Amino acid sequence: MTTPELPGASSQQSAPHQPHSNYAQPNQGASPQGLPPQPTKTTKQRNLLGLIALITAIVGFIFACMPGALIVGWVLLPIAFILAIVSLFIKDKPKGMGIAALILSIVGTIVGFVVFFAVVGSSFDNAFGSGDTKVAAPTGEAGSNAGTAENKTETEAGTRENPSPIGSVIESDDWRVVVNSVTLAASDAVTGANEFNDPPAEGSEYILVNYSATYLGDDSNGQMPALVSVEYVTADGTTINSFDKFVMVPEAMDTTSTLYKDGTATGNVAFEVPSAAASQGVLAVRPGMFGDKVFVAVQ
């Protein structure tokens, strides 16, 4: 006997039983580890304003180094500075060129001021330092500074091509300077003066210059001999200062003690000069800030 088939039974039996899962199916948009998708990294666009600031700063720096075109540099450098500042506040833009422009504009401004004061100093030198310096030939022993330039016979010497001899009296309104002696090949004397003195560089030697500076002015506060300058000029025209290489010298010149009218300071300064041509150089002596340079032979 056949069991009657209930209505709907075939449909229930045809669908297999699916076990219930407590785990959610993975999202197709998620990463394999189940992390949310990472945002795409965008490339920063070029900072056009920073580029303009950098170019302006470079051009301004170049003009700031040119005495005849300082005004152009002084116009461009502040513009570059402002553009650089603005470029640093633009979002999502690289800051490198803006920072470079900012630094270059500041350095260029400093260089511009240095060049400006050098030009002004040269103008003052031409305006006030011309015509009041007298040179008199030495009498008696080299280094005697008795008397004044008016009591001696003036010479036409004093140029690099025709330097004045050692012992010449170089006099301005405020100062009288006499180079008393020049000692070539003085390396042993200089290095032996202090244990911390470095020997001269290879191919160079120390020379010692002894000079006297007498204050002739009437400033009630006096003045320091530091206003008098003595430099060594090589045969090829290079200037060497005594402070280019610091050493302690025997009987050093005191340039910082104040002198009053007719007061005199005498002492030595040392120069590190090329050995092969030490005797071919000359000394450049300036008797005061506004005095003319007078060249003196070294032997």
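All of these numbers come straight from a predicted model, not from anything done at the bench.
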S204 side-chain N/O to P200 backbone N/O, donor-acceptor pair under 3.5 Å:
no

Distance col, row F61:CZ vs I106:CD1, nearest 0.5 angstrom, shows 13.0 Å

Please find the pair of heavy atoms, one from A276 and one from Q280, that lie closest to each other, and give the distance.
O-NE2, 4.3 Å

Candidate pair Y211 and V178, rule side chain to side chain contact (heavy atoms under 4.5 Å, CB included), full reasoning:
CA-CA 6 Å; Y211 71 98; V178 178; over 6 Å; no

Any ion pair linking K293 and E231 (charged N to carboxylate O, less than 4.0 Å)?
yes

Pair D218-S220, side-chain donor/acceptor within less than 3.5 Å:
no

Please check this pair: side chain of N268 against backbone of P250, looking for a donor-acceptor N/O pair closer than 3.5 Å.
yes

Joint cluster assignment, F246 & F243, ILVMFWY side-chain distance < 4.5 Å:
no

Do the side chain of K134 and the main chain of E171 share a donor and acceptor less than 3.5 angstrom apart?
no

Minimal heavy-atom distance between N180 and S212, with the atoms involved, is ND2-OG, 2.9 Å

Side chains of I90 and L49: closer than 4.5 Å at any heavy-atom pair?
yes

Can a donor-acceptor pair be found, under 3.5 Å and without considering hydrogens, that links the side chain of Q223 to the backbone of Y260?
no

Side chains of T214 and D262 only: does a donor on one sit below 3.5 Å from an acceptor on the other?
no

In terms of heavy-atom contacts, P287 and I170 come closest through CG-CG2, 3.9 Å

Whether D244 side chain and N241 backbone form a donor-acceptor pair below 3.5 Å
yes

Kindly determine whether W74 and F116 satisfy ring-ring contact (aromatic ring centres under 6.0 Å, His included), including the steps that lead there.
CA-CA 11 Å; W74 283 9; F116 171 76; 5.3 Å; yes

Looking only at atom types and distance, does a side-chain atom of N47 sit under 3.5 Å from a main-chain N or O of K95, one as donor and one as acceptor?
no

Any donor-acceptor N/O pair, N197 side chain to V247 backbone, under 3.5 Å
no

Heavy-atom donor-acceptor pair, S257 side chain to D254 backbone, under 3.5 Å:
no

Is a side-chain N or O of T255 found less than 3.5 angstrom from the main chain of A226, in a donor-acceptor match?
no

Could you state the interatomic distance from OG (S187) to OH (Y206), rounded to the nearest 0.5 Å?
7.5 Å

Correct closest heavy-atom pair for Y232 and T234 would be CE2-CG2, 3.8 Å

Within the 3.5 Å criterion, strictly below it, is a donor on T238 or D236 matched to an acceptor on the partner's side chain?
yes

For the side chain of S105 and the backbone of A80, is there at least one donor-acceptor N/O pair under 3.5 Å apart?
no

When you compare the side chains of T159 and N162, does any donor N or O come within less than 3.5 Å of an acceptor on the partner?
no

